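Sequence lines set the chain letters: A, B, ... in the order given, protein chains first and strands last, and positions in each chain run from 1. Quick caveat, the model's predicted, so the values are computed rather than measured.
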Number of protein chains: 2
Amino acid sequence: MARDYGWELSTAVVLFHEAVARRLGLNAAEHKALGVILRGGPMPIGALAPELGVGATALTGIVDRLEKAGYVLRQPDPADRRRTLLVADPTKTPDLGGIFADLGRAMGEFQSRYDEQEMAVITDYLDNTIRVLRAQVAKLTQTDPGRA
Amino acid sequence: MARDYGWELSTAVVLFHEAVARRLGLNAAEHKALGVILRGGPMPIGALAPELGVGATALTGIVDRLEKAGYVLRQPDPADRRRTLLVADPTKTPDLGGIFADLGRAMGEFQSRYDEQEMAVITDYLDNTIRVLRAQVAKLTQTDPGRA
DNA sequence: CTGGATAGTCCACTCTAGTGGAATATCTGG
DNA sequence: CCAGATATTCCACTAGAGTGGACTATCCAG
């Protein structure tokens, strides 16, 4: 068998995620939560529950730790005073902005060598790969025998 | 900002890993261990410690669970009777072979549409991406402030 | 053959992160 | 205004997974 790019990429991605989390001092749940907040913008705490697959009561602790570490801030929602909005803390964001800027720079370095047509092939490939992976996740989750 | 393929792919990969592990009834450490064994072939138990980043004493439990679930077998090492070799259990492997066969089939479905030159571009891209990710992991791990 | 190193295991302990239930504050439909 | 629903938090508890230390069996250098 030649090089298994799928396996290698997959492993590299997972290790990268773990390395980032470790670097930030976050566990898997916290890291995932932070990612959701960074991508999704300010959102009520409860919105994290389905994303993380944990109960609502666990969120208090997760958010506590994220806040204590300085990555997010709790802000009362003016529109609904029961809610607490989570916003990424801009004063701490550079820390992890730096990580991804570094990654982006390194990626851009070789990406710039592809012409437009080549990039089209690559994005097509990535698009399809993402689609397939998501479909597999859906399938695996669907037929999940549960956590016995 | 257009679609962020890097983020989407990365997320999809991580979710896929998690879904597989959940499907197999394994936690992160066990899943990783199984991956190492499947890729690396029979190996003494102790060889897993550096891979997983856990102490030697934790391995007994991890291997116990993997063995109980039927994914690996303990076999005495004839060359060194202190050692116990871990081998993937071929009778159970189909379970997860099925998962990856399914993935491989789905990937092959669209991959077959690329011609040789296009595949060369794609593998070049993947190769570079893997290289960059590994470099970033090394960098992050190096400057790791430790788990305070 | 012997003394020290190595592989694996067992044990008691600890730490983390989750759960369910209850409390509080707030919103919303009638 | 009131009754029920919703968002978050607090609390006591539990389950899991790792640690360090000690033990056994085995290997190997001298």
Side-chain angles (χ1 to χ4, degrees), chain A residues 17-18 21-22 24-37 40-69 71-87 144 146-148, chain B residues 14 17-18 21-37 40-69 71-87 144 146-148:
Chain A
H17 267 252
E18 289 175 0
R22 196 165 47 243
L24 299 178
L26 303 176
N27 67 22
E30 292 150 13
H31 185 205
K32 195 186 269 190
L34 181 56
V36 172
I37 296 164
M43 63 180 64
I45 290 179
L48 292 174
E51 301 281 346
L52 306 187
V54 299
T57 60
L59 294 174
T60 302
I62 292 171
V63 173
D64 279 352
R65 294 190 290 271
L66 277 179
E67 194 177 30
K68 190 166 187 180
Y71 296 112
V72 301
L73 292 173
R74 278 182 167 98
Q75 276 190 342
D77 183 344
D80 183 339
R81 305 217 309 274
R82 289 170 303 179
R83 286 193 184 142
T84 302
L85 292 179
L86 291 176
V87 298
D144 197 334
R147 12 182 110 223
Chain B
V14 171
H17 266 251
E18 288 175 0
R22 197 165 46 243
R23 187 72 164 71
L24 298 178
L26 304 176
N27 66 24
E30 291 150 14
H31 185 206
K32 196 186 270 191
L34 181 55
V36 172
I37 296 163
M43 64 181 65
I45 290 179
L48 292 174
E51 301 280 348
L52 306 186
V54 298
T57 60
L59 294 175
T60 302
I62 291 171
V63 172
D64 279 351
R65 296 190 289 271
L66 277 179
E67 193 177 31
K68 190 167 186 178
Y71 296 112
V72 302
L73 293 173
R74 278 181 167 98
Q75 276 191 342
D77 183 344
D80 184 340
R81 304 217 309 274
R82 289 170 303 179
R83 285 195 184 141
T84 303
L85 293 179
L86 291 177
V87 297
D144 197 334
R147 14 182 108 224

Original post:
So which heavy atom on A:L66 is nearest to which on A:I37, and how close?
Top reply: CD1-CD1, 4.4 Å
Subject >> Separation of atom CG in A:L52 from atom P in C:dG18, rounded to whole Å >> reply: 8 Å
Subject >> Euclidean distance, atom CG of residue A:D80 to atom P of C:dT24 [Å, nearest integer] >> reply: 20 Å
**OP:** Would you give the length of the straight line joining atom CG of B:D64 to atom CD of B:E30, rounded to the nearest 0.5 angstrom?
**Re:** 10.0 Å
Can you tabulate the close N/O pairs, meaning under 3.5 Å, that link protein atoms to atoms of nucleotides 15-17 of chain D?
residue: D:dA17; atom: OP2; partner: B:N27; partner atom: ND2; Å: 2.9

**OP:** Mind checking the CG-NZ spacing from B:L26 to B:K32? Nearest 0.5 Å is all I need.
**Re:** 14.0 Å
Subject >> Rounded interatomic separation in angstrom, taking CG from A:L26 and P from C:dA17 >> reply: 10 Å
**OP:** Grab the two heavy atoms, one from A:A29 and one from A:I62, that are nearest each other, plus how far apart they are.
**Re:** CB-CD1, 4.1 Å
Subject >> B:L59 side, atom CG; B:T84 side, atom OG1 - distance, nearest 0.5 Å >> reply: 11.5 Å
**OP:** Heavy atoms under 4.0 Å is the rule here; annotate nucleotides 8-14 of chain C 5' to 3' with B where the base is hit, S where only the sugar-phosphate is, and - elsewhere.
**Re:** SBB----
**OP:** Take the C1' atoms of the five end pairs on each side of the helix from C:dC1-D:dG30 to C:dG30-D:dC1, derive the two axes, and give their angle rounded to 10 degrees.
**Re:** 30°
Original post:
How far apart are the closest heavy atoms of B:R74 and B:T60, and which atoms are they?
Top reply: NH2-O, 3.5 Å
Subject >> Atom-pair distance (CZ on A:R81; P on D:dT9), nearest Å >> reply: 16 Å
Original post:
For the side chain to side chain contact (heavy atoms under 4.5 Å, CB included) test, which of B:L48, B:D77, B:L85 pairs with B:M43?
Top reply: B:L48
Original post:
Rounded to the nearest Å, what distance is computed from the CD atom of residue A:Q75 to the P atom of nucleotide D:dT8?
Top reply: 14 Å
Original post:
Counting only N and O atoms by type, is there a donor-acceptor contact under 3.5 Å from the side chain of B:Y71 to the main-chain atoms of B:L24?
Top reply: yes
